[in-house]
Q: 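Following this message is one structure expressed as structure tokens.
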Amino acid sequence: MDSLSSSITTVHSDIIQTHILTRLDAATLASTASVSSHLRHLCTDEDLWRDICIVTWPSLLNPIAGQVISTFSGGHRSIFSDAFPSLHYFSSHSKHPHRPSPPPSELISAVDIYYQGKSVFSRVQRTETQKNWFLSSPLWLNVVEPNELVPTPVKFVRKDDEWLKHLEENLSLSWVVIDPTRKRAANLSSRRAVSVQRHWLTRELEVLYAVVMAGEQQRSTELVQCVVKVTCCGKVGGELHVKEVNLVMEDMEGRHVTGREGVAILQRAMENGERKKVDGVKAKESFEKFACIMKERRETKHRREKARDVISTLLAFIAFLLFCFLAGL
């Protein structure tokens with residue numbers, strides 16, 4: 001290793017940066033930086049990491065994203081470290097459990113949709129998070145304007161089962177959310193779709209991506225699920241149009257988490273969560289398991305409410321009979 005370090009210093013830095021480092025992926029680049037202080041200096045070049053980030057997430061070309069990233073101490077290298085590959089957070093024990101952080105003034109969403117590995121949709125959206133309507137309403141992040149249709153080069157095909165399976169395997173999504181205040185980011189997508197189906201009424205395509213993570217800090221066993229829904233439409237033989245792309249957060253009873261709770265969960269997840277590759281099969285199994293839990297809890301709640309109604313009706317009937325009995329005395 002020492003001989004490698006000493007010999008590499010004899011190569012001109014421009015040659016290393018232009019002809020060697022630009023050919024490395026992020027993982028190899030990070031490993032190369034640990035070889036020597038000279039390579040560490042070259043491997044932390046901002047332009048190098050900016051190119052890697054833009055290839056991975058074309059949405060980061062947007063000036064809004066670029067402006068925010070420029071405030072990070074590590075620039076694009078920090079973003080890549082935080083947002084690649086995906087967020088895993090299953091421990092609700094925060095480092096500061098008794099001092100919840102106030103919500104940031106805004107969240108930045110950088111969303112990219114890929115078809116067979118090639119970008120077909122990119123969008124960056126700012127969401128104000130300190131407004132009362134956001135904090136008290138269900139968490140809802142949306143990156144497509146109402147009545148907007150974004151064309152893609154993907155062809156709209158009629159063969160349902162075969163084509164839906166094809167889209168599940170080939171239409172992937174990345175949703176990088178950035179907290180400009182705390183200088184943290186995370187990828188909230190399973191990357192590969194966990195469900196592709198047609199809406200029963202409109203026949204529009206609904207593609208779902210989901211990530212399960214720890215929920216409320218007070219309830220360590222509770223989990224929440226970030227669900228990204230992509231709604232597509234189009235004419236057979238024509239282009240597939242993206243109509244909606246939104247993110248919501250659901251708890252284990254199927255209720256939508258509020259903006260205040262959702263931002264707090266995201267902040268803890270960004271700070272304490274792991275970043276590792278999502279297995280497509282496991283992500284789908286996790287989504288289906290979460291759906292089963294929600295269904296069971298809803299059914300249990302319905303049975304309890306039904307039993308409560310029966311008991312209330314019975315007590316009212318007994319009270320009526322008792323009243324009639326006493327009135328007849």
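We number each residue from 1, following the sequence as shown. Everything quoted here is computed from the prediction, not taken from an experiment.
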Q: For residues Q267 and P103, report the shortest heavy-atom separation together with the two atoms involved.
A: NE2-CA, 4.2 Å
Q: Side-chain contact, heavy-atom cut-off 4.5 Å: E285 with K289?
A: no
Q: Kindly work out whether a path of hydrophobic side-chain contacts (I/L/V/M/F/W/Y, heavy atoms less than 4.5 Å apart) joins V242 to V236.
A: yes
Q: State the OG-CG distance between S172 and L167, to the nearest 0.5 angstrom.
A: 11.0 Å
Q: So, taking the atom named CZ in F90 and the one named CE in M213, what distance separates them when rounded to the nearest 0.5 Å?
A: 8.5 Å
Q: Where is the tightest heavy-atom contact between Y209 and A193, given as atom of each residue plus distance?
A: CE2-N, 3.3 Å
Q: What is the distance from atom OG1 of T231 to atom CG of L208, rounded to the nearest 0.5 Å?
A: 8.5 Å
Q: Please examine the side chains of V224 and E261, heavy atoms only from C-beta on, and report whether any two atoms are closer than 4.5 Å.
A: no
Q: To check you understand the geometry: which heavy-atom pair defines the closest contact between L240 and F156, and what is its length?
A: CD1-CD1, 3.3 Å
Q: Within the 4.5 Å heavy-atom criterion, are E244 and V144 side-chain neighbours or not?
A: no
Q: Could you give all pairs that pass the ring pair (Phe, Tyr, Trp, His ring centres under 6.0 Å) test and reach residues 164-204, with sequence neighbours left out?
A: Y115-H166
Q: Would you say the side-chain atoms of S59 and D112 include a donor-acceptor pair closer than 3.5 Å?
A: yes
Q: Distance from E222 atom CD to D251 atom CG, nearest 0.5 Å?
A: 7.0 Å
Q: Applying a strict under-4.5 Å side-chain criterion to I, L, V, M, F, W and Y, I'd like to know whether L141 and Y89 cluster together.
A: yes
Q: Looking at S136 and T258, what are the two nearest heavy atoms and their distance?
A: O-CG2, 4.0 Å
Q: Is it the case that the side chain of R184 and the backbone of M270 share a donor-acceptor pair, with hydrogens and angles ignored and the cut-off at 3.5 Å?
A: yes
Q: Taking the cut-offs as 6.0 angstrom to the six-membered ring centre and 45 degrees off its axis, would you call R191 and Y114 a cation-pi pair?
A: yes
Q: Tell me whether the count of non-hydrogen atoms from other residues, nucleotides or ligands lying under 6.0 Å of CG in D309 goes above 12.
A: yes
Q: Have a look at V177 and tell me which of L87, D82, L107, T127 forms a side chain to side chain contact (heavy atoms under 4.5 Å, CB included) with it.
A: L107
Q: Is it true that atom CD of E204 has more than 12 heavy atoms of other residues, nucleotides or ligands lying nearer than 6.0 Å?
A: yes
Q: Should E148 and R123 be marked as a salt bridge (Lys or Arg N to Asp or Glu O under 4.0 Å) after you check the CA-CA gap, both sets of side-chain angles, and the distance that decides it?
A: CA-CA 13 Å; E148 182 183 9; R123 185 66 59 90; 3.0 Å; yes
Q: Could you go step by step and tell me if Q125 and N142 meet the side-chain contact (heavy atoms from CB on, under 4.5 Å) rule?
A: CA-CA 8 Å; Q125 185 71 37; N142 185 40; over 6 Å; no
Q: Can any side-chain N or O of R198 pair as donor or acceptor with the backbone N or O of R203 at less than 3.5 Å?
A: yes
Q: Just so I know, are the side chains of I293 and L223 near enough to count as touching, which here means a heavy-atom distance under 4.5 Å?
A: no
Q: Within a 6.0 Å radius of atom CZ on R275, are there more than 12 heavy atoms belonging to other residues, nucleotides or ligands?
A: yes
Q: Within the 4.5 Å heavy-atom criterion, are F134 and L139 side-chain neighbours or not?
A: yes
Q: Return the NE2 to NZ distance between H241 and K235, rounded to the nearest 0.5 Å.
A: 9.5 Å
Q: If I compare all heavy atoms of S105 with all of T181, which pair ends up nearest, and what's the gap?
A: N-OG1, 3.9 Å
Q: Evaluate the criterion side-chain contact (heavy atoms from CB on, under 4.5 Å) for residue pair V245 and F121; output intermediate values, then yes/no.
A: CA-CA 10 Å; V245 183; F121 173 95; 4.2 Å; yes
Q: Would you please name every residue forming a side-chain contact (heavy atoms from CB on, under 4.5 Å) with M294, sequence neighbours left out?
A: E250, F290
Q: Quick check on side chain to side chain contact (heavy atoms under 4.5 Å, CB included): which of L247, V211, V228 does L188 satisfy it with?
A: L247
Q: Do L173 and I54 share a hydrophobic cluster, counting only Ile, Leu, Val, Met, Phe, Trp and Tyr and linking them when any side-chain heavy atoms are less than 4.5 Å apart?
A: no
Q: So do the side chains of I108 and P180 get within less than 4.5 Å of each other, counting heavy atoms only?
A: yes
Q: When you look at CD of E169, are more than 12 heavy atoms from neighbouring residues, nucleotides or ligands closer to it than 6.0 Å?
A: yes
Q: Rounded to the nearest 0.5 Å, how far does CD of E206 lie from OG of S195?
A: 8.5 Å
Q: When you measure from the side chain of S312 to the backbone of R308, do you find a donor-acceptor pair of N or O atoms at a distance under 3.5 Å?
A: yes
Q: Is there a path of hydrophobic side-chain contacts, each under 4.5 Å between heavy atoms of I/L/V/M/F/W/Y residues, joining V248 to V111?
A: no
Q: Closest approach of P151 and E239, non-hydrogen atoms and distance?
A: CB-OE1, 3.3 Å
Q: Hydrogens and angles aside, do R297 and T300 bring a side-chain donor and acceptor to less than 3.5 Å of each other?
A: no
Q: Within a strict 4.5 Å, meaning less than it, do heavy atoms of the R298 and H302 side chains meet?
A: no
Q: Please verify the inter-ring angle class for W57 with F84; under 30° counts as parallel, over 60° as perpendicular, anything in between as tilted.
A: perpendicular
Q: Hydrophobic cluster membership, with links at side-chain heavy-atom distances under 4.5 Å among I/L/V/M/F/W/Y: are V263 and M249 in one?
A: yes
Q: Are N187 and S86 linked by a side-chain donor-acceptor pair shorter than 3.5 Å?
A: no
